[in-house]
Amino acid sequence: MSDSEATPLLRPNSSPSPNRKLQGAFAREPVDGETYRSGEDDVNGETYDNVPKTKRELGLFSSAFLIFNGIVGAGIYATPSVILRASGSVGMSLVFWVLGAIFASAATAVFIELGTGLPRSGSHKNYLEYIYQRPKFLVTCLFSVFAAFVISVAANGVIVGEYLTHALNIQQNVTNARLFAVLALTLAFLAHGISVRVGLRLQNLLGTFVLVLLLCIAISGGLSILKFPGFEGGDGGKNFQLDRIWEGTSLRANGLVTGLYAIMWSYNGYASANAALSEVRDPVKTLKRAAPLALVAVTALYLLVNIAYFVVIPKNEIMDSKRVVVALFARHLFGEVAERIVSALVAISVFGNMLATTFMYSRLIQELGREGVLPAPGWFSSNKPFGTPFAALFWQWLVCCVTATAPPPGDAFNFIMNLSQYRWTITGTAISAGVLVLDNPWLSRTISNQAKLKWNWEPPFRAWTSAKLFFFLSNVFLFVVPLVPPVEGFVVYEHLPYWMHVAVCFLIFFVGWLYWYLRWRLLPRRSGYTLDRVVIEDDGITRREFVKFYN
C-alpha cells in the first residue's frame, strides 16, 4: 500500500486507528492492514473496498447487461397470465406493468444512492448493516440465513424446464421439467464457476440475445395489427376494443397483491450490480449510468411485449395458459412448429437471466463469507481453485436444486416467486425506512446520538425523497396484505395454504435470530469469552473471521 491513504466515501466519526481490532463493517475504518488508497479515482469508489484493480472486470456495458439480464428473466414470459388473472382485465393488467415500472424506478434511485454511498459487493446486506447497527450483527445474521437459503434463481430453473419440455415436445410432467431445471442450474454454476470472463461473455451474449428476442416479439405484434403478410394469424387487437379492454376488472386485495408480487418479481434485479460493486470499474460513475439505462430499456420492452401478447392472443387463452404465453403468441402467428422454436428461444433467454442472478447471488454469499458471519467463512469467501467464488456458487447450486424440486407439482414456481419476493419486501421495508431516516439530518443525528450509531451519510448521489417514500409505502402494503385471508374463489396455491410463503419467511428469520443469539450471546456468556473480528488477507482480498477472546 502507498503511504498516501485516505478515508472512504462514508467517513467514520472517529479518526482511523490502524492497530485497533475490527469492530464491525459499519464505520469502515482502516484497521489491521485494511486501508484505502487515495487518488483521483477515489470519487468513483474504487478505493472504498480493498479489492485489486485486476479483479474489477465489469465496465459500463457489462454492468448494464448484468442489471438488464438480472431483471429480464422468466417474468415477461411467465407472469402475464398470472397478472391478467389477478387484475381481471387487459387494461388493468397494463396498469399493473406501469405501476411495476414506477416501483422499480423508485427502488433503482434508492439503490443508486446506497450503492454510491457504500460501493462494495454485498448490496442489501451492506445497507442493512449500516442502518441497523444494534444489536451488533443481528441484522447481518437475519439477512445471511435468508441469502443462503432463499435464492430466486430456482424459479427460473423451473421455467427453463417447462419451456424446454414444451419445445422438445416431451410429455410435461414433474420429473421431466425438474430434470431440465437441474441441468440449467448446473450449466449456470459451471459457466461462472470455471472462469469469470467466460461467464461474463456468455452473460453479455445472452443479454444481447434477450434484447433481440423481445424486440422481435414487440415488432411482430405491431405487424399483426397492420395485417402484414405472414403476420395475419393474430386476434386483430380485439382485446383493445373499448367494450373489452376494461371488462372483468377486479380490485380484490389478495388479487392485487398476487399481481403486484408477480410484477415486482418481473422487475426484480434492479440491484444486480450493487451485489457485485467490488468487481465494477469506477463503481460510483458506472452504477449511476448503467442502472437507469438498463431500467429504461426493460420498461419499454415490457410494455411493448405485453401489448403484442394482447394484440395476438384472445384474453381467455392467456388466462388459461399458466406460463406459456409466448408459446401461444408464436402458435397464433406462425403455427405449431414456430411455437416450439420460440419455446426453445425463451428457455435460452431465461437461462441468460439465470447467469446474471447466479453471478449476483454468488457475490452476495461470498461477501457474507468475507464478513465472517457464515460458518466456514474461509470456504465461502474463497476464490479457489479457478479465481471465481466457486464455493459460493456450489452452495447456491445445491440450494437451488433442492428448492426447484421440493415444492408440490403446480405450486413450485408460485411458491418460490412469492417466498423470494416477500423476503425482498421485508428487507425493502427495512432499508427504505432507514434511508428516509438518513435523509432527514435532524432525525438521523438525533437517533445516531441516542443509540451511539456511526452514521455520517454523505453519498455522491441522493434519490428524491418522494421516491424513497413511495418505495417505503409500496413495501409496507406488500408486507401487510398477504397476511389477510383471500376472498372466496381466489386461490393463491393449488396444494398449499395461502400463508405458506409468509410462514416460511418468518421461520427462516427465526432461524437467523436463533443463530445470532446462540453464537453471539448465549455461548460467549456461558463460556466466558467475547467474539471480535480480525482481518485476514487471502486470495489478494481482505476477509474477516471471528476470534474468541477469553475474559
#### Entry: Test side-chain contact (heavy atoms from CB on, under 4.5 Å) applied to Tyr127 and Thr427, Val110, Asn274, Val139, the passing residue
Asn274
### Query
Pairs in or reaching into residues 337-355: which pass salt bridge (Lys or Arg N to Asp or Glu O under 4.0 Å), with residues at least two apart or in two chains?
Arg331-Glu339, Glu336-Arg340
### Task
For the pair Phe103 and Phe471, name the ring-plane relationship: parallel under 30°, tilted 30 to 60°, perpendicular over 60°.
tilted
### Spacing of CD1 belonging to Ile431 relative to CG belonging to Leu436, to within rounding of 0.5 Å
12.0 Å
### Task
Verify whether one side chain among Glu113 and Trp457 offers a donor that lies under 3.5 Å from an acceptor in the other.
yes
### Query
Nearest heavy-atom pair of Glu317 and His332: which atoms, and what distance?
OE1-NE2, 2.9 Å
#### Entry: Separation of Phe96 CZ from Ser89 OG (nearest 0.5 Å)
9.0 Å
### Query
Do we see a donor-acceptor contact under 3.5 Å between the side chains of Ser266 and Thr79?
yes
### Query
Do the ring planes of Trp424 and Tyr361 sit parallel (below 30°), tilted (30 to 60°) or perpendicular (above 60°)?
tilted
### Task
To the nearest 0.5 angstrom, please state how far the OG1 atom of Thr425 sits from the CG atom of Leu478.
5.0 Å
### Task
Look up atom CD1 in Ile71 and atom OH in Tyr270, then write down how far apart they are to the nearest 0.5 Å.
9.0 Å
### Query
Between atom CG of Leu295 and atom OG of Ser105, what is the distance when rounded to the nearest 0.5 Å?
4.5 Å
### Query
Considering only heavy atoms from C-beta outward, does the side chain of Phe472 approach that of Phe477 to under 4.5 Å?
no
### Message
Whether the side chain of His501 engages the backbone of Tyr422 through a donor-acceptor N/O pair (distance < 3.5 Å, no angle test) should be reported.
### Response
no
### Task
Give a yes or no on whether the ring-centroid distance for Phe61 and Phe65 is below 6.0 angstrom.
yes
### Query
What heavy-atom pair brings Leu287 and Phe111 nearest, and what distance separates the two atoms?
CD2-O, 4.1 Å
### Query
Among all residues two or more places apart in sequence or in another chain, which pass the side-chain contact (heavy atoms from CB on, under 4.5 Å) test with Val95?
Met92, Leu99, Trp246
### Task
Please round to the nearest 0.5 Å and tell me the distance separating atom CD1 of Ile318 and atom CZ of Phe329.
10.5 Å
